[in-house]
Amino acid sequence: MQQERPGIELSGQPLGFAEMAAIGAGKVTISASATGMARIAIAREIVEDAIASGMPVYGSTTGVGAMKDVEWSADELDTFNLGLVRAHHFGTGTPFSCNVVRNAMAIRVNTALTGQVGCTPELIEAYITMLEADLIPVVRRTGSIGCADIGLMGQIGAVLTGVGEAVYRGKRMQAADAFRAAGLQPVRMAPRDSLASLSINAVSFAAAAETTRNAAASIRILLATAMMAAGALGASRDPWKAVRHVGTAREALIGAWLCNASDDWNWPVATHVQDPLSLRMIAQVFGAVIENLLSTGHKILAATGRSDDNPVVVEGRVMTSGGSLPLDVTILLESAALCMAHAARNAFNRCVILGNGQRRDLPVNLVPPGRIATGFGPIIKLAGEIFSRVLSMSNPVSAQSLVVAAGLEDEAAFLPLVIERFERQMQALKRLAALEALLSAQAIDILGDEPKGVAAMLYEVVRKHADFYTVDRPLSAEVEAIEEELGSDDFLSKLTEQVPIASFDDFFALGALDRIGERLPRHEPLISA
């Protein structure tokens, strides 16, 4: 028996990570507020009055880009608007997940509800109807320079008209077949609707939100493995205590977490005067990282509640706009990518210290005494490769020169490319966390330690997939299995419940979907349909 899904009413106000996680998973219904729809109707009337007066309206009665000076007659508008959206179905490559596309559609609806777009109410209703039917356009991810996602949003817009591809009930098919199967009719694009369907950054903002949330999850895991490695190496906790008094607010937050997460594990301290910086400055490194991620997350959420269209309806007029350049989000994401390189270096340095031995009389390559083996020496090279991989994707690309559309369009942010590189960094960081946990577990067993709390959780995951190392063996599959479990929503839920960082965990809605439901308005449970 199907149960009614909880609903989220969009009003034009910025979305939250919990809402987007639920929308992306298809676990909630979407509706538009009455006041938001009233704003859409008012803006539409302004656009129609402008068109009726004979005033050229960019992308509605004129061409776009280099064809901005071409004006279409009333008899030509239907053909132009249908062709405009279909001409911008030019994305290629691997598709975005349905989660990202659902959120992109919801963001388009939400930003239109500001009353600054000028599209028809029928267009917004069509988006909501498709989401309700779970008819999700296939959006290939290569096709935007980050100055309005025309090649990405164009794929959604084209599906609205019945061409392109869509996923319906888990099956990828032609859009026309999906509409028939769902019992829906394609949309007729009225003037302004075509450009409103494609000249926005909704796909990029949806992908940026998902990737930044994944980054927050990866950093939470890497922070936990950092504490585990510190314990295995016998690091002093004094710097973590000191930072609570002399550090920044975020550094103090991480210092407190490290102390709380390690409180049950009374490891022997092997520190002479002071530790290497990669142990002593964990709070400083991760404090800077989470500060950046929070700033980036807030900036992305703000973008889900403002119109970045061109033109826009403001002050009772249709005005041209430069709002389609998402440079604020892009630059913060690029700084986040640099933060990930610092986190990766921090973890790599601890992996090297673990492999070198000496601290707490650990053997070189973590080979147990009396055993004939090469041990973990070779796999340290994998940790180095991962660090270099993360570092190589931290160089900024947003300021590259690009001139298109006969010189009319000479600014770009390359936000989709920045997001794609950021995603690849996240994948690498998860593997690096698995390596750090594996090396730490080996050191713990050699020393006969008994980890407690968070470290015990990590240790159990490692030993579930990898036995204590005594004889040389292949490690590839073991590392991947540890990575998969540590990166799972279930493990993250356990970690954030064990020792939370509430201001961070709740903001990014970290953990399994049932916990995300607790963060939605009215705390309605998410129920599988």
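Hydrogens, waters and symmetry mates play no part in the numbers below; they use all other heavy atoms, side chains included.
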Has the side chain of Asp193 got a donor or acceptor atom that lies under 3.5 Å from a matching backbone atom of Cys119? no

Keeping Asn310 on the side-chain end and Thr320 on the backbone end, is there a donor-acceptor pair under 3.5 Å? no

For Arg244, enumerate each residue passing the salt bridge (charged side-chain N to carboxylate O under 4.0 Å, His left out) test, keeping only those at least two apart in sequence or located in another chain. none

So Phe90 and Ile150, do their side chains get closer than 4.5 Å, heavy atoms only? yes

Measure the spacing between CG of Asn260 and CE of Met227 and express it to the nearest 0.5 Å. 10.5 Å

Would you mind checking if Arg431 and Glu484 are paired as a salt bridge, meaning a charged N to carboxylate O distance below 4.0 Å? no

Do the side chains of Arg141 and Asp149 get close enough for a salt bridge, i.e. N-O under 4.0 angstrom? no

Is any side-chain N of the basic residue among Arg44 and Glu48 closer than 4.0 Å to the acidic one's carboxylate O? yes

Within the 4.5 Å heavy-atom criterion, are Lys299 and Thr296 side-chain neighbours or not? no

Taking side chain as C-beta onward, heavy atoms only, is Thr35 less than 4.5 Å from Arg39? yes

Heavy-atom donor-acceptor pair, Ser204 side chain to Asn201 backbone, under 3.5 Å: no

Are there more than 12 heavy atoms of other residues, nucleotides or ligands under 6.0 Å from atom CD of Gln185? no

Do side-chain atoms of Glu291 reach the backbone of Arg250 as a donor and acceptor pair under 3.5 angstrom? no

Take atom CZ of Arg306 as the centre, draw a 6.0 Å sphere, and report whether it contains more than 12 heavy atoms from other residues, nucleotides or ligands. yes

Using atom types as modelled and distance alone, determine if a side-chain donor or acceptor of Thr496 lies under 3.5 Å from a backbone N or O of Ser493. yes

Within a 6.0 Å radius of atom CD on Glu45, are there more than 12 heavy atoms belonging to other residues, nucleotides or ligands? no

Would you please name every residue forming a ring pair (Phe, Tyr, Trp, His ring centres under 6.0 Å) with Phe387, sequence neighbours left out? Phe348

Whether the side chain of Arg86 engages the backbone of Ala158 through a donor-acceptor N/O pair (distance < 3.5 Å, no angle test) should be reported. no

Going by an N to O cut-off under 4.0 Å, is there a salt bridge joining Arg102 and Asp134? yes

How about Ile156 and Met105: do any of their side-chain heavy atoms sit closer than 4.5 Å? yes

Do the side chains of Asp489 and Lys494 get close enough for a salt bridge, i.e. N-O under 4.0 angstrom? no

Taking side chain as C-beta onward, heavy atoms only, is Asp308 less than 4.5 Å from Phe205? yes

Would you kindly say whether Glu9 and Ser33 are connected by a side-chain donor-acceptor distance under 3.5 Å? no

Do Ser307 and Val117 make a side-chain contact, defined as non-hydrogen atoms from C-beta onward lying under 4.5 Å apart? yes

Counting heavy atoms not belonging to Arg140, are there more than 12 under 6.0 Å from its CZ? yes

With a 3.5 Å distance limit and no angle check, can you tell me whether Trp257 reaches the backbone of Val499 through a side-chain donor-acceptor pair? yes

Measure the shortest side-chain to side-chain distance between Thr62 and Val57 over non-hydrogen atoms and say whether it is less than 4.5 angstrom. no

Describe, in one word, how the ring planes of Phe504 and Phe508 are oriented to each other, choosing from parallel (under 30°), tilted (30 to 60°) and perpendicular (over 60°). perpendicular

Those residues that, when tested against Tyr168, pass ring pair (Phe, Tyr, Trp, His ring centres under 6.0 Å) (two or more places apart): none

Quick check against the 3.5 Å criterion: does Arg213 have a side-chain atom that pairs as donor or acceptor with the backbone of Ala509? yes

